[in-house]
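Take a look at the structure below.
Because the structure is predicted, anything quoted here is derived from the model rather than measured.
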Amino acid sequence: MIFIQTTLLGCFPTAGFSAMARIVQPDMRSVASSFITPIATVIGGGLTPTLLGYMGETYSFSAGIIAMGCLIIICLVLVLPLKLLDKLEDGC
């Protein structure tokens, strides 16, 4: 599973930017992508490992992994009601 996870990790940005393009109007896509990329880097590369380390020192690593799994499931549920744009306006 570790090898499959790292292999599929390269596929996520394509799907993520495609979904972002269907959510945001064409004239705001550059702004949205310029905000999404750094925020995702800070959360994925900074906050997540820090919180897992904190949970590992304070409680246990399994509690941190369970909390992270619950957070991922909650975010999955929050993504479901997003409305994708069918009729897109022309961008600049």
Just how far is it from atom [atom1] of [X] to atom [atom2] of [Y], taken to the nearest 0.5 Å?
X   : Y   : atom1 : atom2 : value
F35 : M20 : CZ    : CE    : 12.5 Å
S18 : I23 : OG    : CD1   : 9.5 Å
R22 : R29 : CZ    : CZ    : 9.5 Å

Are [Y] and [X] linked, directly or through intermediate hydrophobic residues, by side-chain heavy-atom contacts shorter than 4.5 Å (ILVMFWY only)?
X   : Y   : result
L47 : Y54 : no
V31 : F17 : yes
M68 : I73 : no
L76 : L71 : no

Any idea which heavy atoms bring [X] and [Y] closest together, and the distance?
X   : Y   : result
I65 : L52 : N-CD2, 3.9 Å
P38 : S33 : CD-O, 4.4 Å
P49 : G44 : CD-O, 3.6 Å

Task: T37 (side chain) donor-acceptor with S34 (main chain) under 3.5 angstrom - done: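 Checking the backbone N and O of S34 against the side chain of T37, no donor-acceptor pair under 3.5 Å is found.
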- [ ] Would you mind listing the cluster partners of Y59? Hydrophobic ones only (ILVMFWY), side-chain contacts under 4.5 Å, chaining allowed.
- [x]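 M55, which link up through side-chain heavy atoms under 4.5 Å apart, make up the rest of the cluster.
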